[in-house]
Amino acid sequence: MKCDKCGADIPIYNTFCPSCGADAPGHETFHPIPGAQNNYGFDRPKLKADAKEALRGRYWYAFLVCLISIVIINLLSYPQSIANFIYRISAFTDFVPGPVVLGLLSFSTSASLLSLLYNIFIGNMMAVGSAKYFINNRKRQGEISELFYAFRE
C-alpha cells in the first residue's frame with residue numbers, strides 16, 4: 001500500500017505512514033473481524049461480555065485467587081527492597097565501620113539471592129497456577145486449588 005501524501009510504502013498492518021505520519025488509505029474501513037470496533041481485530045463489547053459471563057457468580061473466587069497469588073508471589077520482594085536500601089547505605093564507608101559494611105553487604109547479597117530463588121521456584125509457579133485458574137474459569141467453574149497446579153505436576 002502506498003501513502004497518498006508522500007508515496008512511501010506502508011506495511012499492511014500500519015494505520016499510518018511511517019515516513020510522514022499521514023493516515024493510511026482506507027484504514028478506517030479495515031476490520032479483520034466482522035463487527036470489530038478497531039483495526040486490531042478486537043471486538044471490545046464482545047470481549048467485555050465474555051469476561052462478565054466468565055466471572056458471573058464467581059467474582060469473589062477470582063478476587064480471592066488474585067489476592068492469594070499476589071501475596072505469595074510478592075512475599076519475598078520486601079527483603080529485596082531492604083537489601084537494596086542497605087546496599088545504598090553501605091556506600092557511605094566513611095561514616096560506617098568496615099565490619100559493619102561487610103555485614104550489611106553479606107546480608108544484602110543473601111537477601112537478594114533468597115528473593116531470586118523464591119521468585120524462580122515459587123513465584124513463577126504461582127503465576128502459572130493463577131493463569132490456569134482463569135483459563136479454566138472460562139470453560140467451567142475454576143477451583144482455587146488450581147492456584148497450586150504447578151506444584152502438583
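- Remark: side-chain polar atoms of Asn137 are paired, donor with acceptor, to backbone N or O of Ala54 under 3.5 angstrom.
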Query raised in the report: Do Tyr118 and Ile72 pass the side-chain contact (heavy atoms from CB on, under 4.5 Å) test, and can you show the C-alpha distance, the side-chain angles, and the key distance before you say yes or no?
Result: CA-CA 10 Å; Tyr118 180 84; Ile72 292 176; 3.5 Å; yes

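- One hydrophobic cluster holds both Ile120 and Leu113 under the rule that ILVMFWY side chains link at heavy-atom gaps under 4.5 Å.
- Side-chain contact between Met125 and Phe148 is absent, with no heavy atoms from C-beta onward closer than 4.5 Å.
- The two residues Arg152 and Glu146 come nearest to each other via the heavy atoms NH2-CA, 4.2 Å.
- To the nearest 0.5 angstrom, Tyr133 atom OH is 7.0 Å from Arg58 atom CZ.
- In this structure, the side chain of Ser69 engages the main chain of Val65 through a donor-acceptor pair within 3.5 Å.
- Rounding to the nearest 0.5 Å places OG of Ser145 at 10.0 Å from NZ of Lys132.
- A single hydrophobic cluster is seen to contain both Phe134 and Ile144, as judged by linkage of ILVMFWY side chains at heavy-atom distances under 4.5 Å, directly or through other members.
- Relative ring orientation between Tyr59 and Phe63 is described as parallel, the plane-to-plane angle staying below 30° on a 0-90° scale split at 30° and 60°.
- Residue Asn119 holds its CG atom at 9.0 Å from CD1 of Ile122, rounded to the nearest 0.5 Å.
- In terms of heavy-atom proximity, Ile73 sits nearest to Gly123 at CG1-O, 3.5 Å.
- Interatomic distance, Ile68 CD1 to Met126 CE, rounded to the nearest 0.5 Å: 7.0 Å.
- There is a path of hydrophobic side-chain contacts, each under 4.5 Å, that joins Leu64 to Leu147.
- Around the OH atom of Tyr61, the shell of radius 6.0 Å holds no more than 12 heavy atoms that belong to other residues, nucleotides or ligands.
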